[in-house]
Amino acid sequence: MSFPLLTATAVLPAVGAIATAAVPAARRTAAKWLALLVSLATLGLAATVLVRFDPDGDRYQLTESRAWIKDFGVRYELGVDGIAVALIALTALLIPFIILAGWHDADPLETKSSRWRPTQGFFALILAVEAMVIISFEATDVFLFYIFFEAMLIPMYFLIGGFGDRAHAGSDENASAQRSYAAVKFLLYNLVGGLIMLAAVIGLYVVAGNFSLQEIAAARADGSLDMATNTERWLFLGFFFAFAVKAPLWPLHTWLPNAMGESTAPVAVLITAVVDKVGTFAMLRFCLGLFPEASDWATPVILVLALISIIYGALLAVGQRDIKRLVAYASISHFGFIVLGIFAMTSQGQSGATLYMVNHGISTAALMLVAGFLISRRGSRLIADYGGVQKVAPVLAGTFLIGGLATLSLPGLAPFVSEFLVLVGAFARYPVVGIIATVGIVLAALYTLVLYQRTMTGPVKAEVATMPDLRVRELVVVAPLIALLIGLGVYPKPLTEVVNPAVEHTMSDVQKKDPKPEVEAAK
């Protein structure tokens, strides 16, 4: 039997989470180093998955399949396509930076009114989330996917509710209540989506007789499984609703600004750059793969929701006074672009959407982590409390600017390639939708540049006059992310070569071909 590489990639952070939680309370630093080493080892396994994956090979590779719950047809089935490989690599890449950025976020506070902050638990929960996200990308059994899709809510709930932003800590008596509200709202929204999906999962089993994604797809291809139109559409809606909550897509998005605003910056990155990607990934793998006719049927409404997300998120980002909530609303706008690319039903759109998932993860991590470093120095999330930072901390301001320019998809930085492909794909099939979506680009430039202008330029405020620049640990976090943004912006080919064959399979699932360009005949 070959080495179960996919299982090892998910099990290692899970075992690391248990080991980190078991470190004695007095050995906080040891727990941090253990979590970091485990995350780096997981990154090594994810890199091995990437190297061993053959873009020109079978659709699902490195597969593992074992009987699990025989009476219900549930199997432990894993396999990765190019889209899953790219997102596993993104997850494994970001976790070490998240751990380093949050190195002191769970240290005990020196105030009487604050509770002891369990450092070991903080890092153990991050590793637990990593394990569940990775296996969600690997699962090709629908029931197995559902278990971890829901299970990741538990550690995320405690990360949001138990470890708040230091800008609220200590003297703010409402801080604990605000964190609890954000955590409960996150949990309730996602639990409701999960319960609706569970009904759809059961319905799928009743219709198909098993939970295997590959077997169901094969049965549909050879005609042995023929879902009634109404049945397929109801099942699609059950799956899509859960994924739209996780993504998040308007109008199911309202939990995200609260969750990101009340979390520490590393946890905010974990939410929007890692966990939320499971929702958009699942739209590609399960909605389009299992329910092609229903996906086509629902496309017009979903495109409208995506456009609303793009414009609405960007408009609210323009009006924000809180740095972290601004990034949260910007992410809602970006997720609108991702959903638009998926349901444009073109190869350019879906390739762009997949690249957008990866590049948005990197750019949001860069911007939010630098914003976290800024907030930790000043002790405030309010934009109005800053000014002139670039004169006292030029490296911090410079990295903040690059992260912001990536957020607005400046040409030469990685997100530009993604957004360009999404818009090309949308224009090809739905020109009006593509035109409206471009408004989001203009608004992105507005909220990003206004944020930079108000925080980094102008007279130096007294409260930031002694602000230190980025330290070595912080540079280690930010510099690789900036390098990736530039590298993938200039040369995205290594990523597109992995993703494009998987997109072709998805297009085949929904029986769509790219529309031919309309060219006037020469006179």
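In this chain, numbering begins with 1 at the start of the sequence shown. As a basis for the values below, the full set of heavy atoms in this structure was taken, side chains included, without hydrogen atoms, waters or symmetry mates.
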- [ ] Step through the shown structure and confirm whether more than 12 heavy atoms of other residues, nucleotides or ligands are within 6.0 Å of CH2 on Trp103.
- [x] yes
Open item on the list: Surrounding CZ of Phe143 (heavy atoms of other residues, nucleotides or ligands, distance under 6.0 Å), is the total greater than 12?
Closed with: no
Looking only at atom types and distance, does a side-chain atom of [X] sit under 3.5 Å from a main-chain N or O of [Y], one as donor and one as acceptor?
| X | Y | answer |
| --- | --- | --- |
| Ser309 | Ser333 | no |
| Arg233 | Trp297 | no |
| Thr42 | Ala92 | no |
| His253 | Gly313 | no |

Open item on the list: Enumerate the salt bridge (Lys or Arg N to Asp or Glu O under 4.0 Å) contacts for residues 40-60, please, sequence neighbours excluded, ordered by first and then second residue.
Closed with: Arg59-Asp509
Open item on the list: Give me each pair satisfying salt bridge (Lys or Arg N to Asp or Glu O under 4.0 Å) with a member in residues 128-148, each pair once, sequence neighbours excluded.
Closed with: none
In the structure I gave you, are the side-chain heavy atoms of [X] and [Y] within less than 4.5 Å of one another anywhere?
| X | Y | result |
| --- | --- | --- |
| Val478 | Ile482 | yes |
| Leu36 | Phe123 | no |
| Ile441 | Ser409 | no |

Task: Of all pairs that satisfy side-chain hydrogen bond (donor to acceptor under 3.5 Å, both in side chains), the ones with a partner from residues 473-490, not counting sequence neighbours - done: Arg377-Glu474
Open item on the list: Using the side-chain contact (heavy atoms from CB on, under 4.5 Å) definition, which of the options Ile338, Leu305, Leu303 pairs with Phe343?
Closed with: Leu303
Quick one: pull up [atom1] in [X] and [atom2] in [Y] and give me the separation to the nearest 0.5 Å.
| X | Y | atom1 | atom2 | answer |
| --- | --- | --- | --- | --- |
| Gln350 | Leu288 | CD | CG | 5.5 Å |
| Leu94 | Ile126 | CG | CD1 | 12.0 Å |
| Thr272 | Lys277 | OG1 | NZ | 5.0 Å |

- [ ] Before giving the answer on side-chain contact (heavy atoms from CB on, under 4.5 Å), spell out for Leu144 and Val74 the whole-Å C-alpha distance, their side-chain angles and the decisive distance to 0.1 Å.
- [x] CA-CA 8 Å; Leu144 178 66; Val74 180; 5.5 Å; no
- [ ] Decide whether Ser65 and Arg75 meet the rule of one side-chain donor and one side-chain acceptor closer than 3.5 Å.
- [x] yes
- [ ] Consider only side-chain N and O atoms of Glu419 and Tyr356, and report whether a donor and an acceptor are under 3.5 Å apart.
- [x] yes
All side-chain contact (heavy atoms from CB on, under 4.5 Å) counterparts of [X], not counting sequence neighbours:
| X | answer |
| --- | --- |
| Leu37 | none |
| Ile154 | Phe158 |
| Val11 | Thr7, Val15 |
| Ala259 | Ile160, Trp255, Ile271 |

Side-chain donor-acceptor contacts of residues 189-206 below 3.5 Å, not counting sequence neighbours, with atom names and distances?
| from | atom 1 | to | atom 2 | distance (Å) |
| --- | --- | --- | --- | --- |
| Tyr189 | OH | Thr254 | OG1 | 2.6 |
| Asn190 | ND2 | Phe186 | O | 2.8 |

- [ ] Check Ile342 against Met357 and note the closest heavy-atom contact, atom names and distance.
- [x] CD1-CE, 4.5 Å
Task: Non-neighbouring partners of Glu215 that pass salt bridge (Lys or Arg N to Asp or Glu O under 4.0 Å), sequence neighbours left out - done: none
Task: By side-chain hydrogen bond (donor to acceptor under 3.5 Å, both in side chains) - contacts of Lys246 (at least two apart) - done: none
Open item on the list: Determine whether the aromatic ring centres of residues Phe281 and Phe243 are separated by less than 6.0 angstrom.
Closed with: no
Ignoring hydrogens and angles, write down the donor-acceptor pairs under 3.5 Å from the side chains of residues 362-370, residues two or more places apart or on other chains.
| from | atom 1 | to | atom 2 | distance (Å) |
| --- | --- | --- | --- | --- |
| Ser363 | OG | Asn359 | O | 3.1 |
| Ser363 | OG | His360 | O | 3.3 |
| Thr364 | OG1 | His360 | O | 2.9 |
| Thr364 | OG1 | His360 | NE2 | 3.0 |

Task: Criterion ring pair (Phe, Tyr, Trp, His ring centres under 6.0 Å) against Phe236, the qualifying member of Phe240, Phe239, Trp234 - done: Phe240
Open item on the list: Check this for me, if you would: do Arg66 and Glu77 make a salt bridge, where the nitrogen-to-carboxylate-oxygen distance has to be below 4.0 angstrom?
Closed with: no
Solution key, residues 80-90 side-chain donor-acceptor pairs under 3.5 Å, sequence neighbours excluded:
| from | atom 1 | to | atom 2 | distance (Å) |
| --- | --- | --- | --- | --- |
| Asp81 | OD1 | Ile83 | N | 3.3 |
| Asp81 | OD1 | Ala84 | N | 2.9 |

- [ ] Could you point out which residue of Asn500, Thr506, Thr346, Thr496 forms a side chain to side chain donor-acceptor pair (under 3.5 Å) with Ser351?
- [x] Asn500
